[in-house]
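A single structure is presented below for examination.
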Protein chains: 2
Amino acid sequence: MSKQEFVVLGQDDAEGCCPALLTAPLDEGRAETLAKVFKALGDPVRLRLLSMIASRAGGEVCVCDLTPAFDLSQPTISHHLKLLKQAGLIDSERRGTWVYYRLLPQMTDRLAAILTRPAGQPLTETAPAGAAS
Amino acid sequence: MSKQEFVVLGQDDAEGCCPALLTAPLDEGRAETLAKVFKALGDPVRLRLLSMIASRAGGEVCVCDLTPAFDLSQPTISHHLKLLKQAGLIDSERRGTWVYYRLLPQMTDRLAAILTRPAGQPLTETAPAGAAS
DNA sequence: AGCTTGAATCGACAGACATCAATGCAAACT
DNA sequence: AGTTTGCATTGATGTCTGTCGATTCAAGCT
């Protein structure tokens, strides 16, 4: 049933920091793994689902609260939730009749770190030519 | 030629901060816009391209340096670069015979901010039940 | 002008993906 | 046991997307 993907994302540099995206060329394997996560985020329905789950006070949402928020069939919502789960972004738990989803902050934290360039990066920085200041 | 997408991403909250993803439900319009950017990142080839461009000292890479790094045809690489550009992640400039690509750090910065939860967020935090403390 | 090289565009095609209706499964309730 | 409600799975279908070969465009040669 395919281990969670973020375990692989955990392969850090020698420094024990974040897998470099903006500071060193990504190798093929990590690119493949990372792409799966970003692909999971690359759909408006899944983004809204993730947002609804993450922003919920208590950290949990029942599927029964998610489904009616969309003009989509229940199987479709279930499918999107499955993809988010396989990407390691959320997890689910059944309690009685209902199933609750919650955010796995480790993954979003890791993505944020990956997209953050180290301070004082010697890039050309923002304004090469005609950017309206 | 479709304006850069990140302009829309710039629609901030009243507080003038980042478009909330983890703290408030994303509306349909922003979800659509954000999804396009994440979709651009949702391919291993494009991730590697972005990584190669971003990590290059000088901040620029010639296409002629990118193409031979892949087992893909030149039109395919050109296609992926186009998608990254349309997503507002990179920009290009022609100098003589060659075309140079460079990172647009505003976009990755914004994504990082979007994926970062505000400090002290009242989430259940990582260990709701049986996680090894 | 003609040629050569670097890069983008076009047209085609196979595989992936979002969506749905129908069905299956799990838990609670009568 | 039978029924109902909540969610997942299956199978089918139309659309999107990654890839290529062929072509075109742009710039610098000879």
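Note on naming: letters A, B, ... go to the chains in the order of the sequence lines (proteins, then strands), and numbering restarts at 1 for each one.
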- [ ] By nearest nucleotide on DNA chain D, pick out whichever of A:Trp98 and A:Pro75 is the more 5' one.
- [x]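 So the residue in question is A:Trp98.
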
Open item on the list: Side chain of A:Asp43 only, heavy atoms from C-beta on: which candidate in D:dT19, C:dA18, D:dA8 is closest?
Closed with: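 So the nucleotide nearest the side chain must be C:dA18.
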
Open item on the list: If you compare every side-chain N and O of B:His80 against the phosphate oxygens of D:dT19 (OP1, OP2), does one of them come in below 4.0 Å?
Closed with: yes

TODO: Give, ordered by number, those residues of residues 62-73 of chain A having at least one heavy-atom distance below 4.0 Å to an atom of DNA chain C; if nothing qualifies, reply none.
DONE: A:Asp71, A:Leu72, A:Ser73

Task: Whole angstrom value for the distance that separates C1' of C:dG6 from CZ of B:Arg94 - done: 7 Å

Open item on the list: If I compare all heavy atoms of A:Ile90 with all of A:Leu103, which pair ends up nearest, and what's the gap?
Closed with: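 The answer is CG2-CA, 4.3 Å.
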
Task: Distance in Å, B:Leu104 CG paired with B:Lys85 NZ, rounded so as to fall on 0.5 Å steps - done: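 Output value for this atom pair is 10.0 Å.
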
- [ ] When you get a sec, tell me which of C:dA28, D:dG28, D:dA8 is the closest nucleotide to the side chain of A:Gln74?
- [x] D:dA8

- [ ] Take atom CG of A:Leu49 and atom C1' of C:dT19, then tell me their distance rounded to the nearest Å.
- [x] 14 Å

Open item on the list: I need the minimum non-hydrogen distance between A:Thr116 and B:Ala112, along with the two atoms involved.
Closed with: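 Closest heavy-atom pair between A:Thr116 and B:Ala112: OG1-CB, 3.4 Å.
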
- [ ] Group every Ile, Leu, Val, Met, Phe, Trp and Tyr by side-chain heavy-atom contacts under 4.5 Å, then state whether A:Met107 and A:Leu41 land in the same group.
- [x]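 Yes, because A:Met107 and A:Leu41 connect within a single hydrophobic cluster, where side-chain heavy atoms sit under 4.5 Å apart.
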
- [ ] Please report how far the helix from C:dA1-D:dT30 to C:dT30-D:dA1 bends, comparing the axis fitted to its first five pairs with the axis fitted to its last five, to the nearest 10 degrees.
- [x]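 Here the local axes at opposite ends form an angle of 10°.
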
- [ ] Calculate the interatomic distance between A:Glu93 atom CD and D:dA8 atom C1'; express it in whole Å.
- [x] 17 Å

TODO: Kindly point out which of D:dA8, D:dA22, C:dT19 is positioned nearest to the side chain of A:Val45?
DONE: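 So the nucleotide nearest the side chain must be C:dT19.
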
Task: Phosphate contact (D:dG6 OP1 or OP2) by A:Tyr101 side-chain N/O below 4.0 Å - done: no

- [ ] Give the rounded distance in Å between these two atoms: CD of B:Glu60 and P of C:dA7.
- [x] 13 Å

Task: Test item: B:Arg30 and B:Leu21 side chains (from C-beta on) under 4.5 Å apart, heavy atoms - done: no

Open item on the list: Within the 4.5 Å heavy-atom criterion, are A:Trp98 and A:Asp65 side-chain neighbours or not?
Closed with: no

Open item on the list: Tell me every residue that passes side-chain hydrogen bond (donor to acceptor under 3.5 Å, both in side chains) with A:Ser73, counting only those two or more places apart in sequence or in another chain.
Closed with: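 A:Ser73 satisfies side-chain hydrogen bond (donor to acceptor under 3.5 Å, both in side chains) with A:Thr76 once adjacent residues are dropped.
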
Task: Value in whole Å for how far the C1' atom of D:dC16 lies from NZ of B:Lys39 - done: 8 Å

- [ ] Verify the neighbour count for atom CD of B:Glu93: are there more than 12 heavy atoms of other residues, nucleotides or ligands below 6.0 Å?
- [x] yes

Open item on the list: Please check this pair: side chain of A:Ser55 against backbone of A:Ser51, looking for a donor-acceptor N/O pair closer than 3.5 Å.
Closed with: yes

- [ ] Report whether A:Leu83 and A:Leu47 are members of the same hydrophobic cluster (ILVMFWY, side-chain heavy atoms less than 4.5 Å apart, transitive linking).
- [x] no

- [ ] Starting from P on D:dG11, measure out to NE2 on A:His79 and report it in whole angstrom.
- [x] 15 Å

Task: Spacing between B:Ile77 atom CD1 and D:dT19 atom C1', to the nearest angstrom - done: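 It is 11 Å, rounded to the nearest whole Å.
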
Task: Short side-chain N/O contact to C:dT19 OP1/OP2 from A:Thr76, under 4.0 Å - done: no

Task: Side-chain N,O (B:Arg46) to OP1/OP2 (D:dG18) below 4.0 Å - done: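 For D:dG18, OP1/OP2 do have a side-chain N/O of B:Arg46 under 4.0 Å.
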
TODO: Could you tell me the separation between the CG atom of B:Leu84 and the P atom of D:dG18, rounded to a whole number of Å?
DONE: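 Going from B:Leu84 (CG) to D:dG18 (P), I get 10 Å.
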
- [ ] Would you please confirm or rule out a distance under 4.0 Å between OP1 or OP2 of C:dA28 and any side-chain N or O of A:Thr97?
- [x]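 Looking at the OP1 and OP2 atoms of C:dA28, neither is under 4.0 Å from any side-chain N or O of A:Thr97.
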
